Amino acid sequence: MPQGDYIDLHRKRYGYRPDHFERKRKKEARLVHKRSEIAQKALGIKGKMFAKKRYAEKALMKKTLMMHEESSTRRKVDDDVHEGSIPAYLLDRDTTTRAKILNNTIKQKRKEKAGKWEVPLPKVRPVAEDEMFKILRSGKRKTKQWKRMVTKATFVGPGFTRKPPKYERFIRPSGLRFTKSHVTHPELKATFNLEIIGVKKNPNGQMYTSLGVLTKGTIIEVNVSELGLVTPAGKVVWGKYAQVTNNPENDGCVNAVLLV
Amino acid sequence: MVQYNFKKMTVVPNGKDFIDIILSRTQRQTPTVVHKGYAISRLRQFYMRKVKYTQQNFHEKLSTIVDEFPRLDDIHPFYGDLLHVLYNKDHYKLALGQINTARNLIGKISKDYVKLLKYGDSLYRCKCLKVAALGRMCTVIKRIGPSLAYLEQIRQHMARLPSIDPNTRTVLICGYPNVGKSSFINKITRADVDVQPYAFTTKSLFVGHTDYKYLRYQVIDTPGILDRPFEDRNIIEMCSITALAHLRAAVLFFLDISGSCGYSIAQQAALFHSIKSLFMNKPLIIVCNKTDLQPLDGISEEDKKLVAEMKSEAMKTVIGQGGEATNDDGVLLTMSTLTEEGVIAVKNAACERLLNQRVELKMKSKKINDCLNRFHVAMPKPRDNKERPPCIPQAVIEAKIKQAAEKEKRQTERDLENENGGAGVYSASLKKHYILANDEWKEDVMPEILDGHNVSDFVDPDILHRLEELEREEGLRQEEDGDDFEMDGLELTPEEKKTLAAIRKKKSLLIQEHRIKKSTAESRPIVPRKFDKDREFTTKRMGRQLSKLGIDPSRAIERARSRSVSRGRKRERSVDRGDNDGGDAMDVDTPNKKQRMLSRSHSRSRSRPPTEVAPGEGFKDSNQKAKALQKARKSNKNRNKDARRGEADRVIPTLKPKHLFSGKRSIGKTQRR
């Protein structure tokens with residue numbers, strides 16, 4: 001049986017076919033035409049996927065060509081402006097300094113007092129009640145309609161116990177409960193899988209905040225002890241706020257961005 | 001016994017292709033059409049099916065990968081070590097472990113998303129969940145992409161490993177590079193190993209097979225080993241060390257006494273002593289190669305001493321096996337692969353020693369007791385000196401002698417053939433035993449076509465007999481009809497001549513008329529006028545016409561009436577029955593008119609009945625021929641142009657079936673039958 005590098009051995013001993021190189025060259029030349037034929041004839045999903053791949057290749061090719069031609073093409077020169085350099089007509093003026101630099105924590109405390117927050121998603125689409133709740137019928141004749149089931153993702157704390165089923169008005173199904181979220185640090189551009197501590201505010205209303213519903217734009221508090229952040233005073237930060245950026249019920253996961 | 005054939009592993013696809021394959025399969029094999037208006041449970045089921053199907057496919061493919069790659073701990077330690085040397089056990093295990101975790105992760109993802117899909121209340125939501133699920137699974141596969149590529153490379157290399165059976169008889173060849181190991185294996189087996197003047201031409205193990213005493217031996221060629229400390233050895237040398245360490249084989253240590261490999265005998269001896277621990281319990285033979293360049297006696301004293309030392313070491317192994325200490329020659333051998341002297345001797349010595357060792361081992365093992373009876377025939381001890389030969393009855397001996405004599409007496413055709421030159425030269429005369437009336441006709445050539453006719457159509461074994469019968473019939477006939485056939489023109493009277501002329505004229509007129517009116521395909525109607533619808537042609541008319549010519553019509557009328565099959569009137573019947581004289585029309589032996597009609601209408605053109613088989617027709621017997629004729633008849637069914645009812649026309653078997661005419665019906669009619 002053929003063993004070891006039998007292909008190379010055969011090549012070494014007997015060489016190539018007389019027409020090997022010509023055939024190879026012709027086959028490669030034909031490949032181009034074949035590809036274009038496929039591109040024209042492929043239909044449906046296959047056609048779309050192929051077109052997408054081809055477009056990506058084309059874009060890449062264009063970029064490499066641009067790179068190669070960089071040295072030979074002429075372009076506008078854009079000099080960097082140094083920090084602190086001023087135009088000639090301002091040279092003789094005195095600069096005035098502003099008030100002392102404030103501490104980041106103090107700024108935050110002030111903002112908190114004012115009730116204003118700078119969040120990545122300032123406006124979100126309002127969610128109507130009939131979208132949020134599903135009406136459950138109960139009773140012997142199924143005529144009572146006071147029970148509601150939450151259809152969105154929720155967060156319940158670790159010590160959560162349900163009210164007796166006869167009395168609970170809002171049902172939060174366990175399949176839609178999330179405990180962890182994928183939090184992105186905006187500066188580090190890294191995503192971590194962090195535990196949710198609680199729901200701070202839901203923009204759709206106070207009722208939803210108290211229920212713990214997670215919709216797009218909700219502010220949650222996450223456990224950041226993994227990141228190892230430290231305050232200037234030396235204390236370890238273990239909870240930070242984050243804002244939910246997706247629709248968790250459609251994606252099956254909670255994605256949030258950290259509010260630094 | 002597992003056959004260590006790694007060629008049958010399935011190809012490991014790379015990450016992107018893997019994803020493409022699975023996703024396109026999901027798209028093809030699951031239903032694709034869904035609309036917003038479907039019931040919510042149907043929508044959920046649709047998307048759950050897609051998620052589950054994808055997960056199942058991933059699971060299947062990843063499981064085949066994990067199962068097909070051998071587990072290094074479960075296979076023979078030789079292969080385990082070899083694969084460790086080549087591919088690094090840790091990397092290998094890690095890669096497979098990653099595949100395994102990917103499989104589990106995909107399972108978990110599928111479970112979670114199927115759970116979430118249960119709460120989907122709209123098509124859009126379910127669709128988003130399905131997209132998220134599939135996307136996550138594909139991300140998992142993308143992450144293990146490098147592992148998949150690595151495993152594919154390993155698989156390709158493994159497929160080209162030689163298939164060595166670690167348990168069978170093996171001869172191992174080792175030594176410095178360039179001493180002639182590959183040339184030796186090329187000489188004794190059909191393995192075509194590359195032989196080149198540079199060192200490390202052989203970079204891996206090669207296996208060849210050779211036969212000795214009706215048994216098959218594996219011969220394994222190893223790459224050369226240099227004399228280095230164990231830790232410094234590279235992968236190629238480690239291959240041969242592994243083979244030495246794990247295979248129970250006869251070892252041939254090759255020594256190049258001419259020094260043309262580039263290493264002196266001292267270096268080779270040093271190598272020998274450093275690896276001699278690997279030679280324990282193995283029959284060892286030291287082979288001095290390249291004796292055509294430098295005979296063994298011509299080397300220097302120190303070299304001779306070194307060689308002697310090696311020989312004594314090798315002798316120790318012989319003694320260790322309990323073999324004879326005096327058998328010098330089986331330990332140190334010389335040969336030259338170039339001139340091929342001593343090559344076979346070396347092979348035989350190695351195979352012999354290995355065989356002896358294996359047989360001894362087998363004898364000592366416990367399993368031998370089961371098959372000991374096959375090796376050893378127990379002979380009973382003779383209790384006295386009396387001879388007891390086997391007892392054969394006299395009749396049997398005589399019969400045997402007679403049979404032998406008979407066989408010699410008859411000369412068979414085969415003996416004749418052999419005498420006259422053999423199969424190609426002599427062709428037996430098949431006509432020798434023909435039975436013919438005259439023996440001289442045996443060698444005659446029989447013609448096949450005569451006068452444009454096929455002779456075999458006319459050949460008949462009873463032909464003479466039939467000829468006689470026919471002649472007899474002819475003779476009878478000629479006697480009877482002698483008067484009617486004398487139409488000699490000279491003996492006629494003038495009135496007869498006149499009537500003859502009139503008849504002839506009338507005949508020619510009729511012929512001409514007929515030729516004008518002749519019915520061809522165009523003039524003939526498709527539906528034949530079988531019957532005389534207007535009843536023109538009656539016997540009365542015939543009688544009138546004949547009397548016009550001057551002939552008595554009564555006999556003709558009787559004859560015509562007797563031939564008509566349809567008539568069944570009493571008068572005619574009794575008249576016919578009473579009339580016995582009259583020509584061939586009245587055959588008294590066949591009373592039934594119809595039978596007569598039928599038998600007359602089919603004239604026989606051949607001299608044999610239709611169901612008789614002629615030689616050359618190809619039928620087995622007359623039954624077969626009759627069946628064939630029937631089939632031929634049935635195959636040509638004439639078209640029913642008379643517009644009569646045929647078998648394809650609709651038939652209502654019962655005109656008043658009971659189930660349609662009984663019982664009350666709540667709704668509907670019972671018109672159809």
Side-chain angles (χ1 to χ4, degrees), chain A residues 1-14 42-50 52-53 56-57 127-128 130-136 148-154 171-180 182 191 193 213-216 246-255, chain B residues 5 7 16 19-20 23-24 26-28 32 40 51 109-136 156-157 159-164 182 190-196 201-209 220-221 223 239:
Chain A
M1 79 238 119
Q3 41 185 336
D5 290 330
Y6 60 97
I7 300 171
D8 293 331
L9 191 62
H10 186 275
R11 286 240 171 98
K12 209 166 48 159
R13 282 186 184 160
Y14 306 107
L43 299 172
I45 187 89
K46 257 198 200 161
K48 283 191 200 159
M49 283 169 62
F50 189 79
K52 192 168 167 201
K53 259 192 250 172
E57 276 172 32
V127 180
D130 53 355
E131 197 185 324
M132 188 76 82
F133 295 124
K134 180 176 135 115
I135 299 170
L136 294 179
R148 299 280 183 274
M149 182 173 90
V150 178
T151 59
K152 305 274 180 192
T154 57
I171 298 173
R172 283 164 279 185
S174 59
L176 289 173
R177 292 184 199 162
F178 287 94
T179 50
K180 288 193 152 203
H182 305 145
T191 314
N193 199 9
V213 174
L214 299 169
T215 54
K216 187 165 178 179
N246 73 332
N247 289 321
E249 72 276 3
N250 284 350
D251 296 331
C253 56
V254 183
N255 295 344
Chain B
N5 191 358
K7 297 183 209 292
K16 264 207 201 124
I19 295 172
D20 278 342
L23 286 181
S24 70
T26 309
Q27 195 242 338
R28 271 180 296 128
T32 50
I40 188 66
V51 172
I109 292 171
S110 157
K111 238 188 347 188
D112 288 339
Y113 275 87
V114 163
K115 251 199 299 204
L116 273 172
L117 267 165
K118 290 195 201 140
Y119 294 103
D121 49 6
S122 70
L123 178 112
Y124 178 71
R125 194 160 152 184
C126 293
K127 186 172 180 180
C128 286
L129 284 168
K130 163 230 172 200
V131 165
L134 294 196
R136 272 176 108 164
Q156 282 179 1
H157 194 274
R160 293 202 311 264
L161 285 179
S163 45
I164 298 173
S182 303
R190 283 201 66 195
D192 226 349
V193 187
D194 208 18
V195 174
Q196 298 286 343
T201 315
T202 311
K203 294 189 203 60
S204 63
L205 299 174
F206 283 90
V207 74
H209 295 87
I220 299 184
D221 180 25
C239 279

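Naming: A, B, ... by sequence-line order, numbering from 1 per chain. Note that the coordinates shown come from a computational prediction; the quantities given were computed from them, not determined experimentally.
Contact check on B/K203 versus A/D5 returns no salt bridge, with no Lys/Arg side-chain nitrogen under 4.0 Å from an Asp/Glu carboxylate oxygen.
For a residue to count as touching a neighbouring chain, one of its non-hydrogen atoms must lie under 4.5 Å from one of that chain's; by this rule A/K134 does not touch chain B. The contact between B/V193 and chain A is made entirely by backbone atoms, counting heavy-atom distances below 4.5 Å. Looking at B/L205, the atoms closer than 4.5 Å to chain A (heavy atoms on both sides) all sit in the backbone: N, CA, C or O. With a 4.5 angstrom heavy-atom cutoff, B/Y113 touches chain A only via side-chain atoms. With a 4.5 angstrom heavy-atom cutoff, B/D121 touches chain A only via side-chain atoms.
Among all heavy-atom pairs drawn from B/S204 and A/G4, the shortest one is OG-CA, 4.4 Å. Taking every heavy atom of both residues into account, B/L116 and A/G252 meet most closely at CD1-CA, 3.4 Å. The shortest heavy-atom contact between B/D192 and A/L9 is O-CD2, 3.7 Å.
Once rounded to the nearest 0.5 Å, the distance linking CD1 of B/I164 with CD of A/Q3 reads 8.0 Å. Here the NZ-CG distance, from A/K46 to B/D20, works out to 11.0 Å after rounding to the nearest 0.5 Å. Rounding to the nearest 0.5 Å places OH of B/Y119 at 5.0 Å from OG of A/S174. Here A/D251 contributes atom CG and B/R136 contributes atom CZ; the two are 9.5 Å apart, rounded to the nearest 0.5 Å. In this structure, B/K16 NZ and A/K53 NZ are separated by 8.0 Å, a value rounded to the nearest 0.5 Å.
Listed by chain and residue number, A/M49, B/Q27 satisfy the side chain to side chain contact (heavy atoms under 4.5 Å, CB included) test with A/I45 (two or more places apart in sequence, or in another chain).
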Requested in this report: Using the side chain to side chain contact (heavy atoms under 4.5 Å, CB included) rule, take A/N247 and B/R125 through it: C-alpha gap first, then chi angles, then the decisive distance, then the call.
Outcome: CA-CA 10 Å; A/N247 289 321; B/R125 194 160 152 184; over 6 Å; no

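The neighbour count for A/F50 CZ, taken as heavy atoms of other residues, nucleotides or ligands under 6.0 Å away, is above 12. Crowding of B/R190 atom CZ: a count of heavy atoms from other residues, nucleotides or ligands under 6.0 Å not exceeding 12.
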